[in-house]
Structure formats: C-alpha cells, structure tokens
Enquirer: 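Handing you a structure now.
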There are 2 protein chains.
Amino acid sequence: MVAMRGPSTSYELKRAVGHSVGYFWPFPHAQLYSEPKRLVELGLLDVIAEEHGRRKQTYTITEEGLSELRLWLGEPTTEQLQVRDVAELKLFFGELADAKDMLELAREQVRQHQQRIAVYEQMQLRFAGVPGVATRMVPLRLGLQLERAALQFWVEFEAENTG
Amino acid sequence: MVAMRGPSTSYELKRAVGHSVGYFWPFPHAQLYSEPKRLVELGLLDVIAEEHGRRKQTYTITEEGLSELRLWLGEPTTEQLQVRDVAELKLFFGELADAKDMLELAREQVRQHQQRIAVYEQMQLRFAGVPGVATRMVPLRLGLQLERAALQFWVEFEAENTG
DNA sequence: AATGGATCGTCTGTTTCAGACTATTGAGGA
DNA sequence: TCCTCAATAGTCTGAAACAGACGATCCATT
C-alpha cells in the first residue's frame with residue numbers, strides 16, 4: 001500500500017485503502033496505525049517524522065521493505081479465495097424460512113449488488129483516462145466481475161421464486 | 001446449521017459445515033464446540049446427553065431457537081459481501097512486481113479456480129437426484145458462479161499479459 | 001497386542017475487529 | 001474576533017475470531 005503512492009501517513013493510507021482494497025476486504029482503521037509501527041521495528045518502513053509537533057507520522061518503505069514485498073509477490077499463493085456473505089448463509093436455511101423472506105432477501109441483494117456495481121463503474125470511468133493508474137484498476141475489474149456474478153445469481157433466484 | 005439435519009453433535013456439524021459453508025467461509029472447528037454451549041445457555045439449543053460416558057454431546061434446536069433463527073432469516077441483511085483474496089491483494093502491487101511473477105500468479109489462480117469449480121460441479125452431480133436436498137444446493141450455485149467469474153478474470157488477465 | 005484412522009473434544013495464545021474516545025487543525029460564518 | 005464544524009490524526013479497550021497443538025476414545029485390521 002505504501003510503496004504505490006510514495007511516503008504516506010496512516011491517515012492517507014486509511015483513505016487510500018478505503019476506496020480500493022477496503023471495498024471488498026474491509027478492516028478497522030486502527031490497524032493502519034499499529035501495523036506501520038510494527039513494520040518500522042522490522043526495518044521494513046522508515047519514519048519521516050515531520051511538522052505538527054510530533055503528531056502525524058509519515059512512513060516510507062525501506063529498501064529492505066521493498067525487497068520483502070517483492071519476495072512476497074513472487075511467493076506462491078496458497079490461500080483460497082474466501083467469500084463472506086451473510087446473504088449466502090441465510091440461503092443455507094432457505095428451507096426453514098418464509099418464502100416471503102427469501103424473496104425479500106433476493107430483492108435486497110439485487111439492489112445492493114446493483115449499487116455496488118454502479119460505484120465500481122463510476123470509479124473505472126473516473127480513472128479511465130488517467131495515465132499510470134491503469135494497472136491499479138485491474139483488481140477493480142475482478143471485484144466488478146464478482147459483483148456481476150452475484151447480481152446475476154440473485155436475479156435468477158428471484159425470478160425462480162417469484163409467483 | 002443444526003436444524004437442517006436434525007439433532008447433531010459438534011463433530012457432525014464440523015463435517016457438515018466442512019463441505020458446505022466451510023468451502024467459502026472457513027472457520028476453526030473449535031468454535032463448533034464452544035458455540036453450541038453458548039447457545040444452550042441462551043436457551044436456543046438443548047443438550048440430549050447420551051452414551052459414551054458423558055463425551056459426545058448431541059444438540060437439538062429448541063422452539064425458541066427455531067423462532068430466533070426464523071427471525072434472523074427475516075431481518076434485513078445489511079452486511080456487504082466480503083471477498084478475501086490474497087491473489088487480488090497481490091494484484092494491487094502489480095506495478096512493483098516482476099511481470100513474470102504476476103503471470104505465474106495468474107496461472108496458479110487459473111489452476112486453483114478450475115479445481116475448485118470441478119469440486120463444486122462434482123457436488124452438484126452427486127446430489128442432483130437426491131430429493132429434498134435441492135434447496136440445499138442453491139448456495140452452491142452462487143459459489144460456483146463466483147468461482148467461474150474469478151476464473152474468467154484470471155484467464156483474461158493471463159492472456160493480456162502473455163507475450 | 002499393536003497400529004492407525006476416524007471420532008470427539010479442550011486449551012492456549014495471538015490477531016482481528018468494532019467502535020468509542022481524544023485531540024488538533026483549518027476554513028468559513030456570526 | 002470568536003465559534004463551530006468538518007476533516008485530520010491517533011489511542012484505547014474489550015470482545016470475537018482464529019490457528020493449531022494437544023489429549024482422549026473407539027473401532028476395525030493386521
């Protein structure tokens with residue numbers, strides 16, 4: 001996260017993460033403050049303490065940090081994709097639920113996924129022309145694909161279960 | 001989870017969960033032992049202590065538990081779908097990585113998603129004819145759709161970044 | 001009798017997480 | 001000028017989630 005935009009403060013990271021990774025993999029901002037500290041101790045980040053009488057720490061990645069990062073990028077990825085979706089969880093109990101409830105669930109999911117897709121498409125548009133950002137948009141495309149797949153599923157489900 | 005199959009032990013749940021929800025939303029089995037206890041205290045489950053000299057607790061859902069469950073199923077679902085995928089995370093740093101590494105990442109992802117899809121399709125086939133299980137297969141379909149979307153993405157990505 | 005696999009369950013320590021809480025800064029209006 | 005409010009910057013706490021080692025037991029084979 002750090003390296004991509006040059007030196008950053010935790011707050012800046014928080015914002016950057018907020019509308020990128022954070023969209024599909026949210027995590028509490030407090031970690032954006034505690035993690036850098038850990039990484040500094042490991043020698044992977046440096047602090048460029050500045051202005052404002054000690055508040056506002058700016059971090060840069062060190063050479064070592066960068067090579068660690070690249071190492072990680074080159075490692076095989078064994079973890080499976082995880083999907084956490086309480087809607088899907090509810091689906092597991094479909095038999096027990098009111099048909100009405102499941103239908104409402106589907107409708108709501110359709111709404112939410114449509115909305116999310118709209119947001120993603122907005123982002124794509126906004127950054128479409130900007131040079132250099134192109135590669136950063138790649139993960140967004142995956143997110144979009146997944147959202148669309150989910151949307152399609154719920155639309156079908158709704159159709160099947162409608163009167 | 002409990003209600004769908006009638007009274008169960010934690011171990012049975014562990015297995016059942018293992019090849020259903022657990023596929024896309026894994027969690028440690030220890031919770032399958034601690035949670036029921038909590039739910040018993042809340043009056044949502046009953047213990048049918050049996051045989052084996054006190055080991056092996058069998059749980060049933062109570063009337064109250066069932067109505068709580070139904071209540072939950074009827075509640076609006078506000079949580080967004082979460083996707084945790086370290087491959088996608090790595091993609092965010094694509095600029096910094098070796099092109100080679102990203103290509104290998106893509107290839108590996110293609111492999112993994114194909115394999116996962118195969119497993120899901122197997123499951124679908126196996127339970128295709130079995131009566132009563134039909135509705136239980138619904139969430140699987142969503143999982144399958146998502147996997148296919150991911151696969152498609154990585155295939156495209158690989159194509160774009162090859163030679 | 002010994003092995004080993006499936007069953008059954010506990011325990012420990014670490015991470016993650018949600019979200020409340022505190023401060024500071026800077027811009028704009030009364 | 002002073003006030004207020006939003007944005008910025010960061011800490012803290014307690015609760016859940018998590019990984020994974022560990023301890024038992026049962027049962028079928030060798």
Side-chain angles (χ1 to χ4, degrees), chain A residues 1-2 5-42 44-60 72 77-86 88-89, chain B residues 1-2 5-19 21-42 44-60 72 75 77-86 88-89:
Chain A
M1 295 121 169
V2 180
R5 332 205 171 220
S8 299
T9 67
S10 290
Y11 191 77
E12 283 160 8
L13 284 177
K14 175 181 151 190
R15 309 210 68 221
V17 163
H19 44 75
S20 58
V21 207
Y23 264 117
F24 56 92
W25 190 342
F27 57 90
H29 73 274
Q31 264 164 270
L32 277 289
Y33 290 93
S34 56
E35 274 298 286
K37 280 178 191 155
R38 225 195 74 213
L39 296 177
V40 166
E41 293 199 355
L42 292 172
L44 306 179
L45 294 187
D46 266 348
V47 188
I48 317 181
E50 269 169 52
E51 61 240 300
H52 293 117
R54 102 185 49 61
R55 284 225 140 184
K56 183 161 167 169
Q57 306 270 53
T58 303
Y59 300 96
T60 338
W72 175 71
T77 307
T78 55
E79 300 91 327
Q80 289 280 160
L81 170 140
Q82 279 184 31
V83 174
R84 304 186 175 203
D85 187 7
V86 337
E88 187 166 1
L89 204 50
Chain B
M1 295 123 169
V2 180
R5 332 206 171 221
S8 300
T9 66
S10 290
Y11 191 76
E12 284 160 7
L13 284 177
K14 176 181 152 191
R15 309 210 68 221
V17 163
H19 43 75
V21 205
Y23 265 117
F24 57 90
W25 190 342
F27 58 89
H29 73 275
Q31 265 163 270
L32 276 290
Y33 291 91
S34 56
E35 273 298 286
K37 281 179 190 154
R38 225 195 73 212
L39 296 177
V40 166
E41 292 199 354
L42 292 173
L44 305 180
L45 294 187
D46 265 348
V47 188
I48 318 182
E50 269 168 52
E51 62 242 297
H52 291 115
R54 99 184 52 59
R55 283 221 143 187
K56 183 159 163 169
Q57 306 270 51
T58 302
Y59 300 96
T60 337
W72 175 70
E75 276 171 12
T77 307
T78 54
E79 300 92 327
Q80 287 282 159
L81 169 139
Q82 279 184 32
V83 175
R84 303 185 175 204
D85 187 7
V86 336
E88 188 168 1
L89 204 49

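Lettering of chains follows the sequences in order, A, B, ..., and the numbering in each one begins at 1.
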Enquirer: For B:Y33 and D:dA21, what is the distance between atoms OH and P respectively, to the nearest whole Å?
Expert: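 Atom-to-atom, B:Y33 to D:dA21, this comes out as 17 Å.
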Enquirer: How bent is the helix from C:dA1-D:dT30 to C:dA30-D:dT1, measuring the angle between the end axes built from five pairs each, rounded to 10°?
Expert: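 Inter-axis angle at the ends, rounded: 0°.
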Enquirer: Checking side chain to side chain contact (heavy atoms under 4.5 Å, CB included) between A:F24 and each of B:L81, B:V83, B:L89, which is the one that passes?
Expert: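 Passing option: B:V83.
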Enquirer: Are any protein N/O atoms closer than 3.5 Å to N/O atoms in nucleotides 13-20 of chain D? If there are, list each pair with its distance.
Expert:
residue : atom : partner : partner atom : Å
D:dC18  : OP1  : A:R84   : NH1          : 2.9
D:dC18  : OP1  : A:R84   : NH2          : 2.8

Enquirer: Tell me the closest heavy-atom pair linking B:Q82 and B:R84, and the distance in Å.
Expert: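 The answer is OE1-NH2, 3.1 Å.
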Enquirer: Take the protein atom NZ of B:K37 and the nucleotide atom C1' of C:dC11, then report the distance between them rounded to whole Å.
Expert: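 Checked: the NZ to C1' distance equals 11 Å.
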Enquirer: Detail all sub-3.5 Å separations between protein N/O atoms and N/O atoms belonging to nucleotides 5-8 of chain D.
Expert:
residue : atom : partner : partner atom : Å
D:dT8   : OP2  : A:Y11   : OH           : 3.0

Enquirer: Run the salt bridge (Lys or Arg N to Asp or Glu O under 4.0 Å) test against B:E75 and tell me which residues pass, sequence neighbours left out.
Expert: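 B:E75 satisfies salt bridge (Lys or Arg N to Asp or Glu O under 4.0 Å) with no other residue.
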Enquirer: Once salt bridge (Lys or Arg N to Asp or Glu O under 4.0 Å) is applied, do any residues pair with B:R38, and if so which ones, sequence neighbours excluded?
Expert: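 With sequence neighbours excluded, B:R38 shows a salt bridge (Lys or Arg N to Asp or Glu O under 4.0 Å) to B:E35, given in chain and number order.
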Enquirer: Between B:E12 and B:T9, does the side chain to side chain contact (heavy atoms under 4.5 Å, CB included) criterion hold? Intermediate values first, please.
Expert: CA-CA 5 Å; B:E12 284 160 7; B:T9 66; 3.5 Å; yes
Enquirer: Under 3.5 Å, side chain of B:T60 to main-chain N/O of B:P7, donor-acceptor pair present?
Expert: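 Between the backbone of B:P7 and the side chain of B:T60 there is no qualifying donor-acceptor contact (under 3.5 Å).
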Enquirer: Quick one: B:L13 CG to C:dT7 C1', roughly how many Å, whole number?
Expert: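 The distance from CG of B:L13 to C1' of C:dT7 comes to 14 Å, rounded to the nearest Å.
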Enquirer: I'd like to check the ring-ring contact (aromatic ring centres under 6.0 Å, His included) partners of B:Y11; sequence neighbours left out, ordered by chain and number.
Expert: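 Residues passing ring-ring contact (aromatic ring centres under 6.0 Å, His included) with B:Y11: none at all.
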Enquirer: With a 3.5 Å distance limit and no angle check, can you tell me whether B:S34 reaches the backbone of B:L32 through a side-chain donor-acceptor pair?
Expert: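 No.
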Enquirer: Can you tell me the distance, in whole Å, between the CD atom of A:Q57 and the P atom of D:dG10?
Expert: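 Interatomic distance, CD of A:Q57 to P of D:dG10: 6 Å.
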Enquirer: Any idea which heavy atoms bring B:Y59 and B:V47 closest together, and the distance?
Expert: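 Closest approach of B:Y59 to B:V47, heavy atoms only: CE2-CG2, 4.0 Å.
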Enquirer: Would you say A:S20's side chain and A:G18's backbone share a donor-acceptor pair under 3.5 angstrom?
Expert: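 Answer holds: no.
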